[in-house]
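To start, the structure itself, in structure tokens.
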Amino acid sequence: MSERAQLLLEYADDELILGWRDSEWTGIAPSLEEDVAFSSIAQNEIGHARALYEVAARDLGTTADELAFDRTPDEYRCAPLVELRRLDWAHTIARHWLYETADELRLAALKESDDAEVAGLAAKMDREEVYHRLHAEMWADRLRDEPRYREAIEELWPYAVAVLEPGLRPRLAARFGLELPSDNSLLGLERGMPVDDWPALWDEMTMVRRSVAGATW
């Protein structure tokens with residue numbers, strides 16, 4: 001697999017799985033406004049995943065749907081942060097803020113890519129992600145002094161660092177004013193190291209696709 005395809009696949013997996021997790025708030029968010037907001041954010045993330053899969057699929061001679069749903073659980077390359085099932089609002093917002101900040105740094109780097117197609121796609125996604133960042137920052141400001149939220153940030157910080165490639169991690173630490181975790185703290189949190197929540201999510205996510213072999217949806 002080419003380096004470009006690998007990069008796109010990792011990013012697409014992050015966006016797909018996070019979109020799926022965000023969609024789990026539909027109908028149970030703390031308010032109607034947040035129900036709509038998280039549903040919209042989830043839809044955007046899954047849309048970005050599709051755009052990334054489509055580019056990777058051309059390189060790999062397959063389709064976006066096959067990449068999204070036909071791989072085995074161990075073939076996904078998403079970061080463990082997006083796999084976690086968090087039905088606690090403080091943890092959900094902590095992940096939201098941490099991921100969106102990391103994603104902003106990742107997109108900034110991709111916009112500087114020598115690959116015009118990748119840079120263009122990153123620029124388009126970045127414009128659409130502005131709302132996600134504003135939403136995350138609004139809630140981060142609102143919950144900043146809540147003990148449960150601060151504990152959630154501390155718990156998820158190593159997961160957030162592991163979303164980015166090592167060269168971008170110091171920038172993320174500078175954004176949050178936090179120290180980078182030790183290498184030992186990151187063991188088991190790198191890509192390809194699924195959390196316990198992952199198999200059940202994969203089973204649910206691919207259930208319809210697997211229900212009729214060879215069907216075109």
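Note that the numbering runs from 1 along the sequence shown for the chain.
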Donor-acceptor contact below 3.5 Å, side chain Arg169 vs main chain Leu164: yes
Side chain Glu100, main chain His132, donor-acceptor under 3.5 Å: no
Within one Ile-Leu-Val-Met-Phe-Trp-Tyr cluster: Val161 and Leu178, side-chain cutoff 4.5 Å: yes
Cation-aromatic face contact Arg71/Tyr76, 6.0 Å, 45 degrees: yes
Geometric cation-pi criterion, Arg142 with Trp97: 6.0 Å, 45°: no
Side-chain heavy atoms of His96 within contact of Glu137, under 4.5 Å: no
Non-hydrogen side-chain atoms of Leu172 and Thr101 separated by less than 4.5 Å: yes
Residues [X] and [Y] bridged, charged N to O under 4.0 Å:
{"X": "Glu117", "Y": "Arg4", "result": "yes"}
{"X": "Glu54", "Y": "Arg50", "result": "yes"}
{"X": "Arg191", "Y": "Asp14", "result": "yes"}
{"X": "Arg95", "Y": "Asp88", "result": "no"}
{"X": "Lys124", "Y": "Glu128", "result": "yes"}

Aromatic ring pairing Trp25/Phe38, orientation class (parallel under 30°, perpendicular over 60°, tilted between): tilted
Ring centre gap for Tyr11 and His48 strictly below 6.0 Å: no
Any side-chain donor near an acceptor of the partner, Glu34 and Trp89, under 3.5 Å: no
